[in-house]
Structures are given as C-alpha cells and as structure tokens.
Amino acid sequence: MAAIMLKASLKGNSTPTFNLTNFYSYITQHLPLYACPKFLRIVPTMPLTATFKHQKSAFCREGYDLDVISDPMYVMDVKRKTYVSLTARELREVLIGKARL
C-alpha cells in the first residue's frame, strides 16, 4: 500500500487532481509489477512523529478495511491498466483471489 498526500494545484485551484491511469502507467514503467503498490490511499495529511518521521503504524493497523478507513482508497486493476476505487465488491474479489493484482 502507498499513502499519498496530494499537493494543491499551482494555478490557484484548491482541489488537487490526480490521474490514476497516468500513475499506473508511470509506476508499471519504472517498477517491476511485484514492486508496484497494489493499494493507494489518498490522505489529507501525513502524520508525523515527534522526530518528523512518518507514522506508518496507524496505516498498518487499518490496512484496507473499508469500515475503518474514511480516506479514498484505490486498488490496482491490471486488466483495465489503472487504479479503481476500492469498493466492497472490489475488496471481495481481491480477498477470494478473483482479481489479479
């Protein structure tokens, strides 16, 4: 899983944009498929420790449980060559092994 914090657009637009298909293309061109993040989580801020290290323990505890996470979550879809929103249906396909990651 990768947690991503988006930066606001420099053109005065306060809503950051993120193209999931372009991200998929970039990642798969620069990393082997086994090293690509299978899940993406868009977070508003990255929590830090007192020594300015990223707090990853909360992300590990939450995993990809849709009942716990309120942030937008995406899963890699190799067939469509993009990341798609993680819904209960998508999660079920991942858990039963029907979805190819």
Side-chain angles (χ1 to χ4, degrees):
M1 179 190 314
I4 300 173
M5 188 174 77
L6 301 178
K7 193 187 294 188
S9 173
L10 297 176
K11 296 178 183 176
N13 185 0
S14 62
T15 306
T17 58
F18 186 65
N19 187 314
L20 295 166
T21 305
N22 289 348
F23 181 74
Y24 177 90
S25 296
Y26 181 83
I27 289 296
T28 55
Q29 287 174 7
H30 291 85
L31 293 172
L33 193 57
Y34 67 85
C36 296
K38 307 305 181 207
F39 295 93
L40 293 179
R41 181 175 176 176
I42 309 297
V43 294
T45 60
M46 192 65 68
L48 300 174
T49 66
T51 56
F52 301 105
K53 296 177 187 168
H54 292 243
Q55 275 186 335
K56 299 175 285 268
S57 58
F59 294 135
C60 291
R61 274 193 313 275
E62 294 168 354
Y64 46 84
D65 185 357
L66 295 175
D67 295 329
V68 177
I69 297 171
S70 61
D71 301 324
M73 206 54 190
Y74 301 93
V75 63
M76 178 185 264
D77 189 333
V78 177
K79 289 180 185 175
R80 293 187 240 173
K81 298 185 187 278
T82 189
Y83 283 85
V84 295
S85 183
L86 184 64
T87 61
R89 180 178 162 265
E90 297 286 338
L91 181 58
R92 186 173 51 255
E93 289 184 6
V94 168
L95 293 176
I96 64 173
K98 189 175 178 182
R100 181 171 175 246
L101 298 177

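The structure presented is a predicted model; accordingly, all values stated were derived computationally and were not measured.
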May I have the list of side-chain donor-acceptor pairs in residues 78-85 shorter than 3.5 Å, sequence neighbours left out?
| residue | atom | partner | partner atom | Å |
| --- | --- | --- | --- | --- |
| Arg80 | NE | Asp77 | OD2 | 2.7 |
| Arg80 | NH2 | Asp77 | OD2 | 3.3 |
| Thr82 | OG1 | Thr21 | N | 3.4 |
| Thr82 | OG1 | Thr21 | OG1 | 3.1 |
| Tyr83 | OH | Pro37 | O | 2.6 |

Output all residues satisfying side-chain contact (heavy atoms from CB on, under 4.5 Å) with Ile96, sequence neighbours left out; order by chain, then residue number.
Lys98
Can you measure from OH (Tyr26) to SG (Cys36) and round to the nearest 0.5 angstrom?
11.5 Å
I'd like to check [X] versus [Y] (side-chain heavy atoms, cut-off strictly below 4.5 Å). Are they in contact?
X     : Y     : answer
Phe39 : Met76 : no
Leu40 : Phe18 : yes
Val94 : Arg89 : no

Sort and list the pairs that fulfil salt bridge (charged side-chain N to carboxylate O under 4.0 Å, His left out) and have at least one residue in residues 40-50, not counting sequence neighbours.
Arg41-Glu62, Arg41-Asp71
Joint cluster assignment, Tyr34 & Ile27, ILVMFWY side-chain distance < 4.5 Å:
no
